[in-house]
Amino acid sequence: MLDYNQPIERARHPTMSEAPQRTSEASFNVLELVNLLWRRKIAIASAALIGACLAVTVGKSLTPRYTATAQLYVDPRELQLVDRELTPRAQDVSGMSMVVESQARLITSNSVLLRVIEQANLDKDPEFGGGGDGKSLMSSLFGLIGLQLRAPAAADGKEVQLAALEALNRHITIRKTEKSFIVDIEVWSTDPAKAAMLANTLTSAYLTESRSSQALAARRATSELSGRLKELRERLRNAETTLATYKAQNNFVGTQDSLISDQQLSSSNQRLSAARAATMDAQARLDQIEANKRTAADAGAIPEALQSPTIANLRAQYADARKKYAEQTAELGPRHPALRQTEKQVEDLKRTISEEIERFAQSAKNDLTRARDYEASLNRALEVQKRQSLQLSQAGVRLRELEREADASRDVYQSFLKRSRETEEQETLNTSAARVIGEATVPQRRSFPPGMSLFAMIGFIFGALAAACWFVAAEHLFNGATAPEPRRRERTPAPEVSKPQAEAAAPPPALALVEKPLIARLQEADVIRTLGAILATGGSVDLTRVGWPTLRPGFPLTTLLNALRDMRAAVARRAGDKTMPVIALVGAETSGRSVTALNFALAAARDGSRVLMIDADHQAHPLSNKINRPGKSAPAKAGWLSIGNKVAREIKTVNGISVLPAAESDVGKAADAIRKAIAQARSAGGYDLVILDGPGMPLSAAGRQLLDSADALVAVLPTSLDINDSMEEILAALGGAERKLAGVVLDELTPATQTRQRGKQYA
């Protein structure tokens, strides 16, 4: 099977000195590793048993530790025993979590741990750095011989306490349960009963410290508030005294709601309005009486006359006299004494009524005069009160300022006084909701070290691995020491010689290592098939419509396009500083090679390269036959580049590719013409890449010369044939030119004979 994972060294035969080296490099594999370990199985098993025994011995020598756990419930929502608290409560989840974290850190604070050390006498415990009873025993022994040891200084006791504090901190682990207020307090010790005692003592010390810290904070707040109360009380007294003095000086007398001056002004205003209404009423009554007097209307028609009993009596007498006069006028003559007496009586009554009406008019005049005088007096009094009110209003600005100062001082003083009383009572209250929900019990199993079975298993595994690694390393070092060292080639600058001498002195090309060729797969999923002889609008040649399967539009990141990009990059590296690399596609199957060359050019043009495609197959020239097909609708646009005596000019296509067809001339001359065309295009700089379709197989002498001028070769292997046989045939034909092989394209397209039978694949 053909393997492309190794560099192509087909013609290279190993020498006698290289054979042991290659054998040594390839001799150490997995099978030999298994055989080596199997041969040393007894030694490896012995080392594993020794490792297990050592691990168990180490585990037995370790001091056991016992861990006791106490559970504490730390609720950040403290009990609300008073209206307000010293510290604000945490309302959101993040704030509550921070409170719980802070309380968990408070458990291992120095103040709490010092309480534990003092209660449990850990400064005298050897496990925590204390001296134990050794010093007292030593003192007793020295006392027997009459010597007295020096009493420990206070500084030494402080150091012992700090050492115990540090040791106790290492023995404690605080774990907070996720998304809860539960805190686990783990304390380990060499004595299980001591571990449980320390855990319970720690929780008790924490609760005591929490209560004492709250009481201390409340006491400090009470002291601060009480210190300010005297100053605030004095300030309030001064403000109220100033306010009262100012009111007395400016005659601000009144009730709590309003001043007396404001009340008097309002009352005077109301009385003035009533006086004005009475004046207008009297004026209207007088005007009505005067109007009745001036007209011929009945004078007794006014409301006052109708309501007067005197007028009513006179009008009744007047009516009777008129009635009597009318009767006598009908019976008596005009000069009759009785008639004249009755007429005189009617006149007297009428005059009397008029005189009575005149008295009503005079009364109305008197009422109007009195109303006007009263109104004028009220106006004068109101003006005086207005001036007084204006003066009080101007003085009220300062009054309100003094009242605001007094109110502010009063509010602050009352707030401080109330808060001082609350904090004073809060000193004796415990608002913390923290409590012990699980006391620590004496642990029955040790927490460290683990079971001896685990130690034995770990020691067994490590012993076996150590022995196996030792034997493998020894075997590898032994083989490396006995194997011959490979020869290294030293590169030395070659002297300048003539071309024939260089060719004669150069090593065979088959002996040089070449770069591993890349592999690409041209599949049916990558192409689309079109009917032949379909040209683009305007008569220009469209290479996607010549009847060959061509790359599908779009899909810029397919596996085929990426592989072709890698091939072009490898060719560019091989070309070095050449601005226009030349790639030749070779293959035993002509049509498949030409289709691959066309798709290679289309892929390069899709990436923005300016491509010149040359038909170098002078025997079959399939590409030229497709481009210069007879019966074409319009002549293609030809460029300036040409080949041979019978000119075959360059053809511009709509795909960004220029095609140079094969010339109808001798094969050797055509190859020379192609080389000249390449040199001409390279000097003009009009292209980025040149792709040669051919030469055809088997290679002629002119074809070999053409391959020598190419920078890289790409082999096209049809999968319809045996690819290994095809590759062997291509390598045999290339000879020394195989070092230029940069890539291999596996042509997996369906052959043309089968494609014609499946018309559904034509677009």
Side-chain angles (χ1 to χ4, degrees), residues 1-11 514 516-529 532 546-551 558-560 563-564 566-567 583-603 613 615-626 662 691-700 703-704 706-707 710 712-759 761-762:
M1 192 69 182
L2 187 61
D3 186 11
Y4 293 105
N5 294 326
Q6 300 295 332
I8 299 177
E9 299 181 85
R10 176 176 177 80
V514 296
K516 179 181 67 176
L518 302 173
I519 300 178
R521 299 174 61 186
L522 181 60
Q523 300 175 331
E524 289 288 345
D526 299 319
V527 299
I528 183 172
R529 298 179 180 271
V546 296
W548 282 347
T550 54
L551 293 177
T558 60
T559 305
L560 174 63
L564 296 182
D566 295 339
M567 286 186 187
I583 305 176
L585 274 75
V586 295
E589 209 276 330
T590 303
S591 60
R593 181 205 67 213
S594 299
V595 170
T596 304
L598 176 60
N599 286 287
F600 199 101
L602 289 173
M613 190 173 180
D615 189 355
D617 190 351
H618 300 289
Q619 300 174 359
H621 40 80
L623 181 61
S624 302
N625 293 337
K626 285 289 183 180
I691 298 177
L692 300 181
D693 180 16
M697 305 293 289
L699 293 176
S700 60
R704 293 182 183 278
L706 194 58
L707 292 181
L713 305 179
V714 175
V716 180
L717 304 179
T719 56
S720 58
L721 305 177
D722 188 271
I723 59 174
N724 292 289
D725 294 341
S726 301
M727 192 65 188
E728 293 286 344
E729 181 181 354
I730 291 175
L731 293 177
L734 293 178
E738 69 175 272
R739 67 182 183 278
K740 295 185 178 182
L741 191 63
V744 176
V745 178
L746 300 180
D747 182 9
E748 300 182 10
L749 300 180
T750 307
T753 56
Q754 299 181 14
T755 305
R756 294 191 184 97
Q757 297 176 4
R758 291 181 290 178
Q761 295 187 6
Y762 284 90

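Rounding to the nearest 0.5 angstrom, the gap separating the CG atom in N724 from the CE atom in M727 is 9.5 Å. E589 contributes atom CD, which lies 10.5 Å from atom OG1 of T719 (distance to the nearest 0.5 angstrom). A distance of 10.5 Å separates CG of L717 from CG of D725, quoted to the nearest 0.5 Å. Note that the OG1 atom of T550 and the CD1 atom of I528 stand 7.0 Å from one another [nearest 0.5 Å]. Within the model, atoms CG of L707 and CD of E738 stand 12.5 Å from one another, a figure rounded to the nearest 0.5 Å. Atom CG of residue L746 and atom OG1 of residue T596 lie 10.0 Å apart, to the nearest 0.5 angstrom.
Using a 4.5 Å cut-off on side-chain heavy atoms (C-beta onward), D722 and E728 make no contact. Using a 4.5 Å heavy-atom cutoff, the side chains of R593 and P622 are in contact. Side-chain contact between L585 and V745 is absent, with no heavy atoms from C-beta onward closer than 4.5 Å. Taking the side chain as every heavy atom from C-beta outward, L598 and V546 approach each other to under 4.5 Å. Inter-residue side-chain proximity for E729 and L721 is flagged as unmet; no heavy-atom pair is nearer than 4.5 Å. With a 4.5 Å cut-off on side-chain heavy atoms, L734 and L699 count as touching. The side-chain heavy atoms of D526 and Q523, taken from C-beta on, include a pair separated by under 4.5 Å.
The two residues L749 and P549 come nearest to each other via the heavy atoms CD1-CG, 3.8 Å. Annotation for M613 and S594: closest pair CE-O, 4.4 Å, computed over non-hydrogen atoms. L741 approaches P517 most closely through the heavy-atom pair O-CB, 4.0 Å. The nearest pair of heavy atoms linking L692 to A616 is CB-CB, 4.3 Å. Nearest heavy-atom pair, A520 versus L564, reported as atom, atom and distance to 0.1 Å: CB-CD2, 4.4 Å. Between L706 and P695 the shortest heavy-atom distance is CD2-CD, 4.5 Å.
D747 is linked by a side chain to side chain donor-acceptor pair (under 3.5 Å) to nothing, counting only residues two or more places apart in sequence or in another chain.
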Criterion side chain to side chain contact (heavy atoms under 4.5 Å, CB included) on L551 and L560, from CA distance to verdict: CA-CA 10 Å; L551 293 177; L560 174 63; 3.6 Å; yes
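Listed for the R704 side chain is a donor-acceptor partner under 3.5 Å among the backbone atoms of A733. For the pair D693 (side chain) and A597 (backbone), a donor-acceptor distance under 3.5 Å is absent. The backbone N or O of A662 lies less than 3.5 Å from no partner atom in the side chain of D617, so there is not a single donor-acceptor pair. Using modelled atom types, no side-chain atom of K626 and backbone atom of W548 make a donor-acceptor pair closer than 3.5 Å.
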